[in-house]
Amino acid sequence: DQQVKQNSPSLSVQEGRISILNCDYTNSMFDYFLWYKKYPAEGPTFLISISSIKDKNEDGRFTVFLNKSAKHLSLHIVPSQPGDSAVYFCAAKTDSWGKFQFGAGTQVVVTP
Amino acid sequence: NAGVMQNPRHLVRRRGQEARLRCSPMKGHSHVYWYRQLPEEGLKFMVYLQKENIIDESGMPKERFSAEFPKEGPSILRIQQVVRGDSAAYFCASSPLPAGGRNEQFFGPGTRLTVL
């Protein structure tokens, strides 16, 4: 039962352009969402989060948008840099429990 | 302040052997989570522990897998009689707040288990 879905396994973007990563979820009880970034042979590192009471959260080059009615969130990276090349995981949790449900990840490749 | 530490980083076992994976949470963190990542898949929740307590083990296979987080020492994920399908990367994460907290979890570098 995949409650968090990232339907694009990979994304290639030119340096300086915008990267848009998408994530859909099915559980309406989720109310806290996070994006993690993962390099090969390393653990995921926290990138940005958003609570369900907001529809946008921005941190430097990273912005997360949440559309609760569509059960959809997205991560925008502007401008994309070569160091952004990594796998990005979307994760969600309900407020009352600690475990995260993760999507399958999107491999981003930023080309010069 | 050291991050979440996991050892070993790589573990090779033959079918039928036992695998023990260790996780030391960040200093001050008393909540530990174990996740498994199979090839080409995302992270799957396995178990959530606090000191001396298992809070949620809904993601743990019913047989051969067990986890503990003793009062002293690291959290241990134990897999008995390993099979080839257990080959995966196992990640541990920790957090300072209890389950209802709106906080991120901090991940260790993972243990890559290979079963021959």
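Each chain gets a letter, A, B and so on, in the order the sequences are listed, and its residues count up from 1. Atoms considered below: every heavy atom in the structure, side chains included; atoms not considered: hydrogens, waters and symmetry mates.
Of the two parts of Arg9(B), only the side chain, counted from C-beta on, holds a non-hydrogen atom closer than 4.5 Å to a non-hydrogen atom of chain A. Looking at Gln6(B), neither its backbone nor its side chain comes within 4.5 Å of chain A, counting heavy atoms on both sides.
Of the residues Arg13(B), Arg36(B), Gln81(B), the one that meets the side chain to side chain contact (heavy atoms under 4.5 Å, CB included) test with Asp86(B) is Arg36(B). Just one of Leu43(B), Ile76(B), Leu49(B) meets the side chain to side chain contact (heavy atoms under 4.5 Å, CB included) condition when paired with Trp34(B); it is Leu49(B).
Listed by first and then second residue, the salt bridge (Lys or Arg N to Asp or Glu O under 4.0 Å) pairs that reach into residues 60-78 of chain A are Arg61(A)-Asp84(A), sequence neighbours excluded.
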Apply side chain to side chain contact (heavy atoms under 4.5 Å, CB included) to Gln3(A) and Phe30(A), showing your working.
-> CA-CA 10 Å; Gln3(A) 297 186 50; Phe30(A) 288 145; 3.5 Å; yes
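A donor-acceptor distance shorter than 3.5 angstrom exists from the side chain of Ser87(B) to the backbone of Val115(B), with no hydrogens or angles considered.
Applying a 4.5 Å heavy-atom cutoff, none of the residues of residues 15-24 of chain A approach chain B. Contacts from residues 104-112 of chain A to chain B, taken as heavy-atom pairs separated by less than 4.5 Å, involve Ala104(A) in sequence order.
Aromatic rings of Phe107(B) and Tyr33(B) (six-membered ring for Trp) have centroids beyond the 6.0 Å cut-off, not under it. Taking the six-membered ring for Trp and the full ring otherwise, Phe102(A) and Phe45(B) have centroids separated by 6.0 Å or more. If you look at Phe106(B) and His29(B), their ring centroids are closer than 6.0 Å.
Looking only at atom types and distance, the side chain of Tyr39(A) has a donor-acceptor partner in the side chain of Lys37(A) under 3.5 Å away. Looking only at atom types and distance, the side chain of Tyr48(B) has no donor-acceptor partner in the side chain of Gln105(B) under 3.5 Å away.
Residues satisfying the salt bridge (Lys or Arg N to Asp or Glu O under 4.0 Å) test with Arg20(B), not counting sequence neighbours, are Glu18(B).
Options Gly43(A), Gly103(A), Ser49(A) differ in how many heavy-atom pairs under 4.5 Å they form with chain B, and the most are formed by Gly43(A).
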